Every structure is written in structure tokens, then in C-alpha cells.
Number of protein chains: 2
Amino acid sequence: MNAITLPPDAVKRARGRPRKTADERDDGNRRQDLLRAAARLFRQQGFAATSTRDIAAAAGMRSGSPFYHFENKEALLAAVMLEGMQRASGRQAGAMHAAASHGQALSARDCLRVLVRNHLEVLLGAESDFIPVMLYEWRSLSDVQRQAVNELRREYEAVWVPVLQALHDSGELQGDPSLARLMIFGALNWAVQWFEPGRRSSLDDLTEAALQLFLKEPA
Amino acid sequence: MNAITLPPDAVKRARGRPRKTADERDDGNRRQDLLRAAARLFRQQGFAATSTRDIAAAAGMRSGSPFYHFENKEALLAAVMLEGMQRASGRQAGAMHAAASHGQALSARDCLRVLVRNHLEVLLGAESDFIPVMLYEWRSLSDVQRQAVNELRREYEAVWVPVLQALHDSGELQGDPSLARLMIFGALNWAVQWFEPGRRSSLDDLTEAALQLFLKEPA
DNA sequence: CCTACCGATCGGTAGG
DNA sequence: CCTACCGATCGGTAGG
């Protein structure tokens, strides 16, 4: 009667590996491996120039296996971008919180310093393939996916707005703050193209150079 | 005796289209058509995502014909970039010359205004696919081709150096001028990602916003 | 997650 | 510059 009450594939399942049921598989790890490999390759070669076979191989899988974790190549790209934005937003919130809890009153200038420094870290630090992929493979995303990523992106950028507004009010930032924000992001994001980690300037140097370039003396 | 003095293929030629000899073929035009089509498609879809068939069709040719004009797909990309840089440098030299010949003494600030305005025009104006392709398809170039493009690029950027140095000397630009140059280029080049021609801000608006953001009052 | 495979597309070429 | 074509590669799937 055992044979009758068991679900039809129970026997087959019992013959599998002993310590893992279907629900406990380390799918999360393999998925993460794929994401990391995809981020690195998409950044180095671009989305269209990277084959799903390349990604599979880099993650130690066979050519068909990525499609067990992701519906298609585009979904993998979207996942890389979403992962990147989540990390970036998390780091940004953490950095702002940590800075604010040291001394209580944080000047707008110091706020911007924290934001710039964190942005450069996200862009150029260790494990930094995700955000560059988001910045430079935007057009490879479908409309629906673009919208999803855009929402996280807007959240991330929204944190900057009151800081820049305060700097504008104090005369430390001249001109339309929203145009200034676009140009500041451009100046920082462009560093992806020329920054070399061990060379000449550190991320701290860049941060100070940016503040010097963008900000005036307080009136 | 006419028949004897004519070159051997004169008869054949005489049967062809009446107004064009082999040497007068509009090869230049067809090549230019390919370059224009390639620039537009490379910008919209990226180099790897654009097939040579797409480009041929956009130029009104069959799939094999681009290879009559260019050795391979990479050579077509390099040609787009070189063409873009030549135009950009030409425009830049013209703009500086025209500005300098109005009043004799051009302040460093006015020089920068001319350079920024011209750069935005090259980047965002009409026929503006070539430079964005150069900026965002850099990695798709072979080393040899990269070097060739890089030479033109250095020439273009070299014009900015003394201007920024002068602004630094007068206190209008703070911080290391070479880092400032990289960040200024970044701020401007990023506009490719967000600028919409008919919308809100004009290129003149952007130019003034950039100067406001980057420059201090003269000491 | 692997094996084996498919249809489509791609860069490029020979010959005219 | 076109026609006709080739070998290679690609995203993705069925079945286990």
C-alpha cells in the first residue's frame, strides 16, 4: 500500500542524492555564480558580444544550464542590473546612516561627500561589474525590464536631490540643481572609462577633486 | 583612327551609363552611405547587435556588398570612429578660430564656452551618431584600430588643456586640471544618455549650466 | 543541471 | 556591387 499512497515520482526522488531535497538545493549559490559571471562578461565584452555559453562556462556549467535559472538571456541581464541597483541602494543608505550617526548635524557638503564617495565605490571598487553593466547596457533591456530597473534607479538618485538643493540654497552649487545632478552623475560615471585602481589617484582623491570642481565656497 | 586611339575598354564603357566612367563612380558616396548607416545602427543597437546585413539594407545594398568597401565589420566601426573624430576636430578648430577672430582677446572662460558648446553640438546635434559610437563602442575596437583613433582623440582633447590650465591659474577652476578635464568630459559625454532635442533645455542652456557648475568667480 | 539537438542568423567569400 | 553560398556560432528546448 506504500506504493499507492506515495506520489508518483517519490521512488525516483528517493534514489537521488541523500542530503538534499528539491527545496534545499543550493540554487541560490549557482544562481549567484551565474550572476557574477554574467556581470563580469557583460562588462568586459558587452551584452550582445557575450554568449550564454561563455557565461555557463565561467560559472562551471554546460551550455544549456543557464536556462534552468533564467528564462532567457535578457532576463539574466535584467537580474544583473537589479542586483547591482539593490546593492548600490543598500550601500548608499548604510553610508548615509553611518555618517549621520557620528556627529548629529551633517552639512550638505559632507552629505554630498558621502554620496560621491559611495558612488565611486559602487562604480569602481571590488565586485563592481554590476553597475557599469547597468550604465552601459541600458539599450539591451526590454521596455518592461527597463521600467523595473528604472524604479530602483530613481530611488537611488532621489537621495541626492535634497542634498543638491540645500547646496544650491547656500550658494555652494550654482545653476539648475537637476541639470547639475545629471552632470555630476556623468562626471562620476565616466570614471568607469578611465579609472585604473592602483594608479595615481585613489577614490578619496577623486572624491575631493569632484567636490572641488562642483562646489563653490559657502556664501 | 578614332577606334585605335581609344583605350581598350572605351567601347564597353560607351555602352554603360552615359555620364559615368569607372573612375567617376560614386564609390565615395556609397561608402559614405555605408558609414552613415553604420553609425546610426551602431549607436542605436550597439556594434555586436548590428549585423552587416542590417547596415547593407539601410544603405540600399545586398548583404555581401559592404565587404567591397570595407575589409570586415571591425574596419567599418573604425572608419565610423575616425570619420567622427575628424569632423569633431575640424569643427573644434573652426569654432575656436571664428571666436578668436571676432574680438582679439578671448578670455579663458570664453574659450571654454566655445569648446563646451562645440562639444555638445558634435555630441547631440544633427548628424551626431559618430562620436557617441566612438564613446560607447570603444571596447569593440581591435588594439591597432584603437591606437589610430586614440591619436585623433588626444589631438582633440589637447586643445582643452591650456584653457583649463589658464582657468586654474586664475582661480576659476579648482583642483587638478587633468582630473577636472576628465570629469568635465564625463559630464558632457553623459548627456548622450539623457538629452532629448526638443525638450526643456537647449544646447545653449547646457553650455551655461556646465560653466556655472564647473567655474568659480575670477579671484 | 546535463545531453543532444534544432532552426536561425551571422561574418565573410568566390565568381562574375 | 550582386548572387549564391559556406562554416561557425548562437539562443533556446526536450527529455531525462
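Each chain gets a letter, A, B and so on, in the order its sequence line appears, and its residues count up from 1. Below, each value reflects all heavy atoms present in this structure, side chains not excepted, and no hydrogens, waters or symmetry copies. These numbers come from a predicted model, not from an experiment.
Interface residues of residues 70-84 of chain B facing DNA chain D, ordered by number: none; criterion, heavy-atom separation under 4.0 Å. Contact check of residues 44-65 of chain A against DNA chain D (heavy atom, cut-off under 4.0 Å) returns A/T50, A/S51, A/T52, A/R53, A/G64.
A/D204 pairs by the salt bridge (Lys or Arg N to Asp or Glu O under 4.0 Å) definition with A/R117, not counting sequence neighbours. Applying the salt bridge (Lys or Arg N to Asp or Glu O under 4.0 Å) rule to A/R40 yields no partners; only residues at least two apart in sequence or on another chain are considered. In this structure, the side-chain contact (heavy atoms from CB on, under 4.5 Å) partners of B/S178, at least two apart in sequence or on a different chain, are B/D176. Remark: B/E71 engages no residue in a salt bridge (Lys or Arg N to Asp or Glu O under 4.0 Å) (not counting sequence neighbours). In this structure B/E157 satisfies the salt bridge (Lys or Arg N to Asp or Glu O under 4.0 Å) test together with B/R153, B/R181, sequence neighbours excluded. With sequence neighbours excluded, no residue forms a side-chain hydrogen bond (donor to acceptor under 3.5 Å, both in side chains) with A/Q212.
Where DNA chain C pairs in unbroken runs of 3 or more (Watson-Crick or G-U, both distances under 3.5 Å), the stems are C:1-16 with D:1-16.
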Distance-only check: which donor-acceptor pairs under 3.5 Å involve side-chain atoms of residues 138-146 of chain A, not counting sequence neighbours?
unit_1 : atom_1 : unit_2 : atom_2 : d
A/R139 : NH1    : B/R43  : O      : 2.8
A/R139 : NH2    : B/E137 : OE2    : 2.6
A/S140 : OG     : A/E137 : OE1    : 3.2
A/S142 : OG     : A/Q145 : N      : 3.4
A/S142 : OG     : A/Q145 : OE1    : 3.0
A/D143 : OD1    : A/R146 : NH2    : 3.1
A/Q145 : OE1    : A/S142 : N      : 3.2
A/Q145 : NE2    : A/E74  : O      : 3.4
A/R146 : NH1    : A/W138 : O      : 3.1
A/R146 : NH2    : A/L141 : O      : 3.3

Would you tabulate the side-chain donor-acceptor contacts of residues 184-195 of chain B under 3.5 Å, counting partners in other chains and residues two or more places apart, or write 'none'?
unit_1 : atom_1 : unit_2 : atom_2 : d
B/N189 : OD1    : B/H119 : NE2    : 2.8
B/N189 : ND2    : B/F185 : O      : 3.3

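Between the P atom of D/dG11 and the CG atom of A/L41 lies a distance of 12 Å, rounded to the nearest Å. Regarding A/F67, its CZ atom lies at a distance of 5 Å from the P atom of D/dG12, rounded to whole Å. Protein atom CG of A/L34 is 14 Å distant from nucleotide atom P of D/dG12, rounded to whole Å.
Among residues at least two apart or in separate chains, salt bridge (charged side-chain N to carboxylate O under 4.0 Å, His left out) pairs with a member in residues 193-202 of chain A are A/E196-A/R199.
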Do A/W160 and A/Q92 pass the side chain to side chain donor-acceptor pair (under 3.5 Å) test, and can you show the C-alpha distance, the side-chain angles, and the key distance before you say yes or no? CA-CA 10 Å; A/W160 295 58; A/Q92 179 167 265; 3.0 Å; yes
